[in-house]
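Notes follow once the structure below has been shown.
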There are 2 protein chains.
Amino acid sequence: MGGLPHMKDPLVNLCGYVLRRASLCALAELNEGLAPLKLRHADVAMLMLVQSSPRITQSEAGRILDIKRANMVPFVARLEERGVIERQQLDGRSQALGLTRRGRMLLERALRVVDAHEALLLGRVPEKLRPVVLPVLLALWRRRP
Amino acid sequence: MGGLPHMKDPLVNLCGYVLRRASLCALAELNEGLAPLKLRHADVAMLMLVQSSPRITQSEAGRILDIKRANMVPFVARLEERGVIERQQLDGRSQALGLTRRGRMLLERALRVVDAHEALLLGRVPEKLRPVVLPVLLALWRRRP
DNA sequence: TATTGTTATACTCTATAACTATA
DNA sequence: TATAGTTATAGAGTATAACAATA
């Protein structure tokens, strides 16, 4: 991963560009930290979502995490095969997702990695600016207009 | 693209997560704006880099933009076939990249899209926070430790 | 009629290894 | 010996269209 802006990079004045580079860099670091748990960032997001919204459906989870229904199928299947998520028939078509005991234990470990990574990220920002990091990022996460 | 944080999203307190969602959202918007020019964000980054560092080599450009040498080959080839970039033998193995007249004209149009997108992004941030957006993002774009 | 889960498939981006020809 | 460009290939991640069963 490109872990530093390069001196000759003429794009470092563009928020969109730096936003992307920072995101890729942070993501790669997080995934490195999660590798020993054989998890990827998206897995942890899913586990966190299911924990906070027990009995959520697959489609609804996909809507929140912005993962297409069709792509949720192999994604959830992998977590289920691994025994961290379980499915329960809700009605004829929907299935409620829940964490297994094993899933809860794994998530607990993953959360320690995530928290450490968050601290790392924040630690790179000058102390004065730390309180505005999340507000700035949330403001950028918008669409139209 | 997920153009808004969802109410039930328990991850909106994580900088890393919001950083990624904001980045994907901004990128999708930029690419929409560039679509009429048949350009992708990476194409514009490349054109901007070549403009600011004329006679840069393919490898060096890849290093700055964090694109692997192997992936630069079809990438640059496409821009060359399109007549926006030209190659010039430097020595036996290196080739200098440069913008063609057509490339400069196309970049000019692309820059208007990029500038508008930048304004859009900044416009979403409360006025008070705008001056710190770039400093915050640059601070996050770091690695080790 | 709209929605859930599903299959199949394609496309983009990224990653690795190996080769060549130069420096 | 290290580097530039190249080829081939594999793997993520993401996108669309279509279908069955259900609400």
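As the structure is a computational prediction, the values presented were derived from the model and not from experiment.
Ion pairing of Arg55(A) with Glu86(A) is absent here, as no side-chain N (NZ or NE/NH1/NH2) approaches a carboxylate O to less than 4.0 Å.
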Next on the checklist: Between Arg102(B) and Glu108(B), does the salt bridge (Lys or Arg N to Asp or Glu O under 4.0 Å) criterion hold? Intermediate values first, please.
Outcome noted: CA-CA 10 Å; Arg102(B) 182 171 181 175; Glu108(B) 220 171 283; over 6 Å; no
Checklist entry - Passes salt bridge (Lys or Arg N to Asp or Glu O under 4.0 Å), Arg124(B) versus Glu29(B)? Steps please. => result CA-CA 14 Å; Arg124(B) 286 172 182 157; Glu29(B) 277 182 310; 2.6 Å; yes
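Rounded to whole angstrom, the span from the CZ atom of Phe75(A) across to the C1' atom of dA12(D) amounts to 13 Å. When the P atom of dG13(D) is taken as reference, atom CZ of Arg20(A) falls 15 Å away, rounded to whole Å. Ile67(B) places its CD1 atom 16 Å from the C1' atom of dT6(D), with the value rounded to the nearest Å. Distance, Lys68(B) NZ to dG11(D) C1': 14 Å, rounded to whole Å. In this structure, Asn71(B) places its CG atom 12 Å from C1' of dT7(D), rounding to the nearest Å. At whole-Å resolution of the value, CG in Leu90(B) and P in dA4(D) are 11 Å apart.
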Item to check | Nucleic acid footprint by protein, nucleotides 18-23 of chain D - heavy-atom cut-off 4.0 Å, B for base, S for sugar-phosphate alone | outcome: ----BS
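Residues passing the side-chain contact (heavy atoms from CB on, under 4.5 Å) test with Leu27(B), sequence neighbours excluded: Arg20(A), Asn31(B), His41(B). Here Asp43(A) pairs with Arg78(A) under the salt bridge (Lys or Arg N to Asp or Glu O under 4.0 Å) rule; sequence neighbours left out.
In the 5' to 3' direction, nucleotides of DNA chain C lying under 4.0 Å from heavy atoms of chain A begin and end at dA2(C) to dA15(C).
A donor-acceptor pair shorter than 3.5 Å cannot be found between the side chains of Arg69(B) and Gln58(B).
Note on Arg78(B): nothing from the nucleic acid sits closer than 4.0 angstrom, heavy atoms only.
DNA chain C is contacted by both Ser94(A) and Leu24(A); Ser94(A) maps to the nucleotide lying nearer its 5′ end (nearest heavy atom per residue).
Within residues 39-48 of chain B, no residue is approached by DNA chain D to less than 4.0 Å at the level of any non-hydrogen atom.
Each end of the helix from dT1(C)-dA23(D) to dA23(C)-dT1(D) gets its own axis, taken as the rotation carrying the C1' atoms of four end pairs onto the next four within a five-pair window, and the two axes meet at 10° to the nearest 10 degrees.
The phosphate of dG5(D) (OP1 or OP2) has no side-chain N or O of Gln89(B) nearer than 4.0 angstrom.
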